[in-house]
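Take a look at the structure below.
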Amino acid sequence: MPHELPKAYEPGAIEARWAEYWVREKLFHVETPPPDLSDPRSSEPDLPEPGSSDTGSPNHESRPVFTLLLPPPNVTGRLHMGHMLNQTQMDIIVRWHRMRDEVALWLPGTDHAGIATQMMVERQLASEGIKRRELGREKFIERVWEWKRHYGGAILDQMKRLGASVDWGREYFTMDDNLSAAVKEAFVRLYEDGLIYRGKYIVNWCSDCGTAISDLEVKHEDVAGKLYEIRYPVVDAGAQSESGSGSGLGPSSGEAEFITVATTRPETMLGDVAIAVNPADERYLHLHGKHVMLPLMNRKIPIIADELAQPEFGTGAVKVTPAHDANDFEAGQRHNLPQIEVIDEHSKMNVNAGPYAGLDRLAARARIVEDLSTQGFLVGTKDYTIAIGKCDRSGTIVEPRLSTQWFIKIAPLAKRAIEVVEKGYIRFTPENYAQIYLNWMNNIHDWCISRQLWWGHRIPAWYCGQCKEVVVAREAPTACTKCGGAKLEQETDVLDTWFSSGLLPFTALGWPAATRDLDVFYPNQLMITGFDILFFWVARMIMLGCWFMAPPHKPSSRGSSSGGLDSDGSVSDGPILNATGAAFSVGHSHSSLKSKSSRLESDDSLRDSVPFREVYIHALVRDAERQKMSKTKGNVLDPIEVIGQYGTDATRFTLAAMAAPGTDIAFSESRTAGYRNFANKIWNAARFMFMNVDRIDSGLRPDSRKGHPARAGVTSFSDATLEDRWILSRFNRAAGDVNSSLKTYRFDEAAARIYDFFWGDLCDWYLELIKPRLLFDEGADSSVARVACTNLVNLFEASLRLLHPVMPFITEEIWHAMYDGKPPLKSIALAAYPARDEKQTNFEAETEMSILQDLIVSVRNLRAELKVEPKVKIPVEVFAHEPAMRAMLEKNANAVLLDRPANVEKITFVEQSLANMAGTRSTSRFDVHAIYEKKIDVAAERERLKKELEKIEKQLGGAQARLGDKQFLGKAPAHVVDGLRKQVSDQVILREKIDAQLKELPVP
RNA sequence: GGGCGGUUAGCUCAGUUGGUUAGAGCGCCUGCCUUACAAGCAGGAGGUCGCAGGUUCGAGCCCUGCACUGCCCA
């Protein structure tokens, strides 16, 4: 491969090629390590010391394992910025671990996404004029599969474009046969554990989706509405004298007494079964046990005393509608009240609604309000802000409705899920999410897991046509376990999508079989996801993981070599899946719950039951104006478009650089443009390097003798000159910093550090400083150039490895080119991540170099100030009062002479301070004076010096005051005091120099 | 109503257990097409860290109150 790269970096030309290469070459496939020997897992999340492990023999896997599960995108999904952020962070972390010589498994898959997918296909059918129910369940499901085969892979294809280094050989779909079997198994076991029950409860009902949805799927929204005040006549009021005494009581007319209640949903009054007042509310004491007549329905209903009614709210009396309100439902149970449903599953009034039957509930509301008004029961109407519940999917207003559903009794699962976080077995980053998680977990409600959908995992329960027994079983039973009847019908409901995805950390590794994968890769090391699915998914994974991966559910490979996964990943007969179709064995009956808890005897089994050791919660990506991206606002940034414009690497870098913990990301394209420029900078630095390699030694390649394990520092680098020692030290410092930033998920710090090193140190200084050594004259000794070029090549190769996790494409491209298309490894992604080598850090070189940089910058400053033409060379004089400093500067004067922007003709070291001359810059260490006849702008110079003097005096004043303060000296640590003394002595020198210079300036 | 966060340069954001002179990118101003890069180079301006108190030898950072603002839950 010729080293001729195009002048401008064109990401489009290289990225697609490498993305395809990585997939084709199966570079990120992880074989299941053979069952053997020592436990290959790293017990600590800490990284191995660089260079400490040997390469190891190939058939003995002793490397640490790193497992990460991709939050499975919906099959209906299109890649958005949130995915891109999420995947960029995961990819950086996984590539980093892989380069640290760990077994790094990133497991991809897609989620069947029950409601979303069903809606999508229904919409498609609608365009053909077909309704789902006309088609029938089986045909409909076939259509969904067809749709999935067609469109379901779109998002994964987009992922490939991002360069996501997942193991494509292990891709799963949540409706795959083995995963479906695992879901069924989990359901049956939970049922056997006594944690699943079925019953008629209030659920959130979406009439549009035609299904119950969980609390989490309801989004609350404040809307302007009305509060209707309705008065109910007390029919058996005893004490007339009390009537009308309370301000909240309805107006009494004649002998009648009323109770006034307020509601935002007057149509539900048709289902009222009581009026509740607070037991402590004195206004209503006389009415306890009395009745009111329900207007419009003429039904006599009791007045009950219940905490449901809050005295301070409204009149202190509330209507009770158990069939259409969750709180009322509970109150109804407390008082044994009937449940009267008046709204059906299509949000229409039903037969119980009497004259209003058949009306849509909103139409009914209008009629009811009108009728109440005419009949004198409507006391008033107020404007009111209602927190309305809407379906997350369809946006339809959710109606609380009575219906028969399947639930998970959540408390026992939550108990463990709380414990593992409290004990630190799962750590959150940022840490405050642990508290948010615990708050939610401590107030958790039972989880409604049934959905009235067709697309999903059908609940493995059968109803006996004869005795109505419910049989829960792994396979379709042939006869009722109670009466032996053969007429059995399976439950039509399917499971909540989050039930199956909540099992993924272990089902994706082969559970319930005792697989080697499960042994090696569970628990996952990390979960990276957004806070929006913290409760939906993360919490459920923790609950289910800690339940199923602890004894007795945890499959154990010890002592049972049979069973488990075949090498092709299919489930073979194991001891667990052998359980057959019979309902469930007596030994696993509900009473086993207690024994199960006691069997979780050791803390270790709880510690190792967690689905992942760490959770990193990333921010939300917003638009540049900090607005939430939404289709309706039209401010959605398509990552693929951004990639098209700036490249994947630049987009990834943007997301990494802006991913500071705790704040949302306001994605601004100007940043992406900046990082595209960064990529271009690297590209051109590479061009410069190749130009020199071709000219000096076209056979020069990076030293590749040492591949893995993670190697420290730069190899084959000879640090003869100051700039060599300096860049080597800077590189190692950067490598150390980047590693520690990534360790704590500080993607922003890591990105910034790499950027500063590559651009600020390597390109801005080092490349400029070595140019003279590279540009040897014709016929001259080329050995100096050869050494410089070798250094450059090895340094550059190491720098590419440092950058690779963030910018995988450009680094891969240049890296391959450096080896002339014959690299020692298939990919830079398989090379070692640089670690800091203490021996290569050199504090002295860094200090000296920074003084030289000061000197060079001072000359550049003087040139700008004196308005010297860029092409004109100028002589300078330098004074340093400390002999050691002078010696250092003299020794390295060449660096100053060779700096192009400074464009110095000659350096003369002088014996006297230059501070009192115009055209001088001073630091506490040296003075530098530019010899140039052009007059300086006296006024501007005076202004500048005065400003600087003011600043110094202000700082000096403060510092000296502190140094004179006994309390400060007594209490501040020594290094602070010493630092301050140094600052003062430096600034005193500087102040004198500036004073001198000011005095020499001609008086205006 | 309960909970969590944010407020630092014109914009978007860093700023570690409190410690010496608060940083970056973009934008802006000045000068350069210098033989890797004008997607570049060099130089520069710009901040009483939301407000008011407190703790401390020392506060952008800790505490209290206030203002504005975002999100989650009910």
Side-chain angles (χ1 to χ4, degrees), chain A residues 5 7-9 215-216 218-220 310 313 326-327 387 389 430 432-433 435-436 439-440 443 531-532 534-535 620 622 624-626 628 646 650 654 657-692 740 744 746 748-749 751-752 755-756 759-760 763-764 767-768 771 775 856-857 859-865 867-871 899-903 944 951-952 954-956 958-959 961-963 965-973 975-984 986-987:
Chain A
L5 304 178
K7 187 173 173 182
Y9 160 67
D215 292 347
L216 283 175
V218 180
K219 296 296 158 205
H220 293 272
Q310 297 168 342
F313 184 78
N327 292 321
N432 61 318
Y433 281 104
Q435 200 49 53
I436 294 172
N439 288 344
W440 184 77
N443 295 302
F531 72 87
D532 51 330
L534 179 62
F535 306 136
L620 197 69
R622 298 166 173 277
E625 276 72 50
R626 302 200 64 73
K628 220 172 191 168
Y646 303 102
T654 310
M658 299 188 79
T663 47
D664 286 343
I665 294 174
F667 191 93
S668 70
E669 286 194 56
S670 66
R671 289 285 287 262
T672 314
Y675 295 123
R676 186 266 324 263
N677 296 354
F678 176 56
N680 187 56
K681 187 80 182 172
I682 291 163
W683 188 257
N684 279 288
R687 287 180 61 231
F688 173 77
M689 171 182 67
F690 286 135
M691 193 183 84
N692 284 289
S740 43
T744 49
R746 290 302 305 263
D748 57 326
E749 283 182 358
Y755 184 96
D756 287 344
W759 198 322
C763 293
D764 283 351
L767 291 187
E768 297 303 328
K771 272 179 183 174
L775 299 167
I856 290 168
V857 168
V859 177
R860 291 176 187 170
N861 270 323
L862 284 170
R863 291 186 65 102
E865 208 171 279
K867 300 205 167 32
V868 183
E869 294 288 316
K871 281 171 189 149
D899 182 65
R900 215 165 1 182
N903 207 7
R944 184 185 69 80
K951 194 176 152 196
I952 286 173
K954 195 176 154 204
Q955 283 168 7
L956 210 46
R962 261 182 293 164
L963 283 174
D965 185 342
K966 280 195 189 106
Q967 288 209 298
F968 171 74
L969 293 175
K971 290 185 180 174
H975 76 272
V976 172
V977 178
D978 290 347
L980 203 58
R981 288 212 169 102
K982 176 84 171 65
Q983 180 201 326
V984 166
D986 281 358
Q987 285 184 331

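In what follows, every chain begins at residue 1, and chains take the letters A, B, ... in the order their sequences are listed. Below, all heavy atoms of this structure are taken into account, side chains as well, without hydrogens, waters or symmetry copies.
- The backbone N or O of A:Arg676 lies less than 3.5 Å from no partner atom in the side chain of A:Asn680, so there is not a single donor-acceptor pair.
- Comparing B:rG18 with B:rC63, their P atoms sit 11 Å apart, to the nearest whole Å.
- Of the candidates B:rA39, B:rG15, B:rG43, the closest approach to any side-chain atom of A:Asn861 belongs to B:rG43.
- One finds a side-chain N or O of A:Arg746 lying less than 4.0 angstrom from the OP1 or OP2 phosphate oxygen of B:rG15.
- The side chain of A:Arg900 sits closest to B:rU35 out of B:rU35, B:rC32, B:rC37.
- Between the CG atom of A:Asn439 and the C1' atom of B:rG2 there is a distance of 10 Å, given to the nearest Å.
- Here A:Lys219 reaches the OP1 or OP2 of B:rC73: one of its side-chain N or O atoms lies under 4.0 Å away.
- Look at B:rG40: its Watson-Crick or wobble partner, with both distances under 3.5 angstrom, is B:rC32.
- Remark: the separation of the P atoms in B:rC66 and B:rG10 is 29 Å, to the nearest Å.
- Closest contact between the side chain of A:Lys681 and the listed nucleotides B:rC41, B:rA39, B:rG19 involves B:rC41.
- Spacing between atom CZ of A:Phe968 and atom C1' of B:rA59 amounts to 14 Å, rounded to whole angstrom units.
- Taking only side-chain nitrogens and oxygens, A:Lys771 never comes nearer than 4.0 Å to OP1 or OP2 of B:rU34.
- In this structure, the CD atom of A:Glu768 is 9 Å from the C1' atom of B:rA36, given to the nearest Å.
- Distance, A:Asn432 CG to B:rG70 P: 20 Å, rounded to whole Å.
- Nearest-nucleotide positions on RNA chain B for A:Phe531 and A:Gly979 put A:Gly979 closer to the 5' end.
- Checking B:rC71 for Watson-Crick or G-U wobble geometry (two distances, each under 3.5 Å) identifies B:rG3 as its partner.
- Counting only heavy atoms from C-beta on, A:Asp764 has its side chain closest to B:rC41 among B:rC73, B:rG31, B:rC41.
- Dashed line: the shortest gap from a side-chain N or O of A:Asn677 to OP1 or OP2 of B:rG40 is under 4.0 Å.
- Aromatic ring orientation, A:Tyr755 versus A:Phe678: tilted (interplanar angle from 30° to 60°).
- When both pairing distances are held under 3.5 Å, B:rA24 makes a Watson-Crick or G-U pair with B:rU12.
- A donor-acceptor pair under 3.5 Å is absent between the side-chain atoms of A:Arg981 and the main chain of A:Val976, judged by distance alone.
- In this structure, A:Lys867 places its NZ atom 12 Å from P of B:rC32, rounding to the nearest Å.
- Checking B:rG19, B:rG31, B:rA42 against every side-chain atom of A:Pro901, the shortest atom distance belongs to B:rA42.
- B:rG19 and B:rC57 make up a base pair, with Watson-Crick or G-U wobble contacts both under 3.5 Å.
- Within the 4.0 Å cut-off from OP1 or OP2 of B:rU21, at least one side-chain nitrogen or oxygen of A:Gln983 is found.
- Between A:Leu980 and A:Gln983 the shortest side-chain heavy-atom distance falls below 4.5 Å.
- Distance CE (A:Met658) to C1' (B:rC11): 11 Å, rounded to an integer number of Å.
- For A:Phe688, the listed nucleotide lying nearest its side chain is B:rA36; candidates were B:rA36, B:rC71, B:rC32.
- In this structure, A:Phe535 atom CZ and B:rC71 atom P are separated by 16 Å, rounded to whole Å.
- Rounded to the nearest Å, the gap between the C1' atom of B:rG50 and that of B:rA9 is 15 Å.
- When the P atom is used for both B:rG5 and B:rA14, the distance is 15 Å, rounded to whole Å.
- At least one side-chain nitrogen or oxygen of A:Trp759 sits closer than 4.0 Å to the OP1 or OP2 atom of B:rC41.
- Checked against B:rA36, B:rG19, B:rG43, the side chain of A:Arg860 finds its nearest nucleotide in B:rG43.
- The partner of B:rU48 cannot be assigned: no Watson-Crick or G-U wobble pair with both contacts below 3.5 Å exists in any strand.
- When distances run from any side-chain atom of A:Arg671 to the nucleotides B:rA39, B:rC26, B:rG25, the shortest one goes to B:rG25.
- For the P atoms, the distance linking B:rU8 with B:rG47 amounts to 15 Å, nearest Å.
- By the 4.5 Å heavy-atom criterion applied to side chains, A:Ile436 and A:Phe531 are not counted as neighbours.
- Counting heavy atoms from C-beta on, the side chains of A:Phe968 and A:Val977 come closer than 4.5 Å.
- No donor-acceptor pair closer than 3.5 Å links the side chain of A:Arg860 to the backbone N or O of A:Asp899.
- Nearest-nucleotide positions on RNA chain B for A:Gly674 and A:Ala657 put A:Ala657 closer to the 5' end.
- Here the separation of B:rA45 from B:rA22, taken at their P atoms, is 14 Å to the nearest Å.
- Going from the C1' atom of B:rG60 to that of B:rU16 covers 14 Å, rounded to whole Å.
- Checking B:rC4, B:rC72, B:rC57 against the side-chain heavy atoms of A:Gln967 singles out B:rC57 as nearest.
- Across B:rA36, B:rU12, B:rU20, the shortest atom-to-atom separation from the side chain of A:Leu980 is found for B:rU20.
- What separates CE of A:Met689 from C1' of B:rC37 is a distance of 14 Å, to the nearest Å.
- The distance from the OH atom of A:Tyr646 to the OH atom of A:Tyr675 is 13.5 Å, given to the nearest 0.5 Å.
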